[in-house]
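FYI, side chains are in, hydrogens and waters are out, and symmetry mates aren't considered; it's all heavy atoms of this structure.
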Amino acid sequence: MIVSMMVIGACVIICLGTFFMAKGMVDDAHKKVYVLDGTVPILVQRSTMEETLDVEAKSHVETFHHLFFTLAPDDKYIKYTMDKAMYLVDETGLAQYNALKEKGFYQNIMGTSAVFSIFCDSINFDKEKMTFTYYGRQRIERRTNILMRQLVTAGQLKRVPRTDNNPHGLLITNWRTLLNKDLEQRKKNDF
């Protein structure tokens with residue numbers, strides 16, 4: 001009887017030990033994330049938004065500026081990029097878009113076959129105040145010349161739920177252009 005009780009006790013201890021070991025292994029597995037690079041799985045660290053806020057905020061601001069200021073002489077492309085950009089900004093971005101549209105800015109791009117490109121120089125982000133200042137250069141290529149402009153904008157960031165259209169979970173608010181001036185203009189070579 002004593003041997004039977006010891007065997008049953010040992011079985012219970014082994015079962016409980018196995019249960020808690022398995023639970024620990026499952027909890028550890030849930031903390032690991034694998035990303036596929038082609039067919040090779042790579043272990044990556046999970047992080048919270050607090051740990052990556054600087055990087056995500058700068059990426060959000062740069063993505064918005066790229067969508068808003070990179071333009072081609074194609075009305076469907078302009079509409080597509082503006083629709084995507086409007087998910088990242090509040091009504092201040094929409095107001096600037098509508099003002100440019102009313103002035104015929106986008107029709108002028110198509111009429112002159114101008115191509116606009118934006119290059120980010122730097123983004124200053126204040127994590128405490130959730131404010132940013134974007135410094136960049138815009139290249140405007142027309143048939144006869146190339147114009148380089150300096151662009152400085154500023155605004156605040158507000159946290160919103162992450163969606164497919166806004167993967168960073170941030171919204172640009174109170175967005176405004178501080179500086180938009182010509183740097184240099186040069187003629188294109190005709191061949």
Side-chain angles (χ1 to χ4, degrees), residues 47-75 77-110 112-188:
S47 58
T48 64
M49 185 164 182
E50 291 304 317
E51 296 170 333
T52 61
L53 182 60
D54 286 344
V55 174
E56 289 201 55
K58 288 178 180 181
S59 177
H60 183 84
V61 170
E62 187 171 359
T63 300
F64 167 74
H65 283 80
H66 176 76
L67 289 169
F68 197 87
F69 290 105
T70 300
L71 304 167
D74 180 345
D75 58 338
Y77 177 78
I78 291 171
K79 180 171 178 9
Y80 171 78
T81 58
M82 288 304 147
D83 287 347
K84 292 203 58 91
M86 292 306 123
Y87 286 113
L88 309 178
V89 69
D90 69 352
E91 67 277 355
T92 56
L94 182 62
Q96 283 200 30
Y97 170 67
N98 287 335
L100 290 171
K101 195 173 179 181
E102 262 184 41
K103 291 178 184 176
F105 176 73
Y106 300 107
Q107 290 299 324
N108 187 33
I109 290 172
M110 289 182 285
T112 61
S113 296
V115 177
F116 288 64
S117 305
I118 189 91
F119 305 97
C120 179
D121 291 330
S122 67
I123 300 170
N124 291 342
F125 176 63
D126 184 344
K127 195 173 185 177
E128 306 271 323
K129 298 177 185 174
M130 293 289 285
T131 60
F132 71 88
T133 306
Y134 175 92
Y135 299 92
R137 289 169 291 121
Q138 188 174 35
R139 181 178 191 264
I140 304 168
E141 184 174 345
R142 294 189 175 97
R143 287 185 193 135
T144 58
N145 62 26
I146 297 172
L147 174 67
M148 291 298 287
R149 305 194 82 175
Q150 182 180 11
L151 179 70
V152 179
T153 66
Q156 284 90 33
L157 290 173
K158 180 172 92 172
R159 293 180 189 205
V160 295
R162 292 177 191 257
T163 65
D164 289 341
N165 293 315
N166 189 344
H168 295 113
L170 296 167
L171 186 71
I172 296 172
T173 61
N174 194 25
W175 181 61
R176 60 211 175 276
T177 301
L178 303 177
L179 179 67
N180 189 1
K181 73 172 188 174
D182 294 351
L183 292 176
E184 72 171 298
Q185 184 170 348
R186 59 188 160 100
K187 283 193 158 288
K188 287 175 77 174

> For a quick test of reading the model, state the closest non-hydrogen atom pair linking G155 to R176 and the distance between them.
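Reported closest heavy-atom pair: CA-NH1, 3.6 Å.
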> With side chain to side chain contact (heavy atoms under 4.5 Å, CB included) as the test, would you mind laying out the steps for T177 and L151 before giving the verdict?
CA-CA 8 Å; T177 301; L151 179 70; 4.0 Å; yes
> Do L179 and Y135 have side chains that approach each other closer than 4.5 Å (heavy atoms only, starting at C-beta)?
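No, every pair of side-chain atoms sits at 4.5 Å or beyond.
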> Is any side-chain heavy atom of K84 closer than 4.5 Å to a side-chain heavy atom of T63?
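Answer no - side chains too far apart.
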> How about Y106 and D75: do any of their side-chain heavy atoms sit closer than 4.5 Å?
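A side-chain contact under 4.5 Å is absent here.
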> With rounding to the nearest 0.5 angstrom, report the OG1 to CG distance, T153 to L178.
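Going from the OG1 atom of T153 to the CG atom of L178 covers 7.0 Å.
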> On a heavy-atom basis, which atom in L170 and which in L53 lie closest, and how many Å separate them?
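So the minimum-distance heavy-atom pair works out to CD2-CD1, 4.4 Å.
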> Inspect the surroundings of CZ in F119 and state if more than 12 heavy atoms from other residues, nucleotides or ligands are less than 6.0 Å away.
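It does: F119 CZ has more than 12 such atoms within range.
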> Please check if the side chain of R142 supplies one atom and the backbone of A114 the other of a donor-acceptor pair under 3.5 Å.
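Answer holds: no.
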> Check whether R149 reaches the backbone of Q138 with its side chain - one donor and one acceptor, N or O, closer than 3.5 Å.
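No, the answer is negative, given that no donor and acceptor are paired below the 3.5 Å cut-off.
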> Main chain of H168, side chain of H60: is a donor-acceptor contact present, judged purely on distance under 3.5 Å?
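Not confirmed, H60 side chain does not pair with H168 backbone.
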> Hey, are the side chains of L157 and F125 touching, using non-hydrogen atoms and a 4.5 Å cut-off?
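Contact flag for L157/F125 side chains = yes.
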> Distance check, rounded to the nearest 0.5 Å: N98 atom CG versus E91 atom CD?
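Answer rounded to 0.5 Å: 11.5 Å.
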> Taking the side chain as C-beta and beyond, is there a heavy-atom pair between Q156 and I172 under 4.5 Å?
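No, side chains not in contact.
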> Distance from L88 atom CG to H65 atom NE2, nearest 0.5 Å?
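Atom-to-atom, L88:CG and H65:NE2 are 11.0 Å apart.
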> Can you see which heavy atom on N166 is nearest to which on V160, and at what distance?
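Taking N166 first and V160 second, the nearest heavy atoms are ND2-CG2, 3.7 Å.
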> Give the minimum heavy-atom separation between I109 and P73, together with the two atoms involved.
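Where I109 meets P73 most closely, the heavy atoms are O-CB, 3.7 Å.
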> Is any side-chain heavy atom of T173 less than 4.5 Å from a side-chain heavy atom of T92?
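Result no, sub-4.5 Å side-chain heavy-atom pair not found.
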> Answer yes or no: is there a donor N or O on one side and an acceptor on the other, between the side chain of H66 and the main chain of E62, under 3.5 Å?
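No; zero donor-acceptor contacts below 3.5 Å.
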> On a heavy-atom basis, which atom in E56 and which in P167 lie closest, and how many Å separate them?
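Closest approach of E56 to P167: OE1-O, 4.5 Å.
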> Any side-chain heavy atom of Y77 within less than 4.5 Å of one from L71?
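Answer no - side chains too far apart.
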> Whether D83 and K79 form a salt bridge (side-chain N of Lys/Arg under 4.0 Å from carboxylate O of Asp/Glu) is what I want to check.
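D83 and K79: salt-bridged.
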> Nearest 0.5 Å, what's the CD-CG distance between Q150 and N180?
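Between Q150 CD and N180 CG, I get 9.5 Å after rounding to 0.5 Å.
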> Can the ring centroids of F68 and F116 be said to lie less than 6.0 angstrom from one another?
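No, the ring of F68 stays outside the 6.0 Å limit from the ring of F116, centre to centre.
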> From S113 OG over to D74 CG, what is the distance, rounded to the nearest 0.5 angstrom?
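Spacing of OG (S113) from CG (D74) equals 11.0 Å.
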> Can you tell me how far the CZ atom of R139 sits from the CG atom of L147, to the nearest 0.5 Å?
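The distance works out to 10.5 Å.
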> Just wondering, are more than 12 heavy atoms of other shown residues or ligands nearer than 6.0 Å to OH in Y97?
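Atom OH in Y97 is packed in, count exceeds 12.
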> Can you tell me if T70 uses its side chain to pair, donor with acceptor, with the backbone of L67 under 3.5 Å?
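Side chain of T70 to backbone of L67: no pair is present.
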> Verify side chain to side chain contact (heavy atoms under 4.5 Å, CB included) between R137 and D121, making sure each step is shown before the conclusion.
CA-CA 7 Å; R137 289 169 291 121; D121 291 330; 3.1 Å; yes
> Answer yes if the ring centres of Y134 and F69 are under 6.0 angstrom apart, and no otherwise.
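Not under 6.0 Å, so no.
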> Looking only at heavy atoms, which two atoms of Q185 and N145 are closest? And how far apart?
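Shortest heavy-atom contact: NE2-ND2, 2.5 Å.
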> Any side-chain heavy atom of K101 within less than 4.5 Å of one from I78?
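Not touching, per the 4.5 Å side-chain cut-off.
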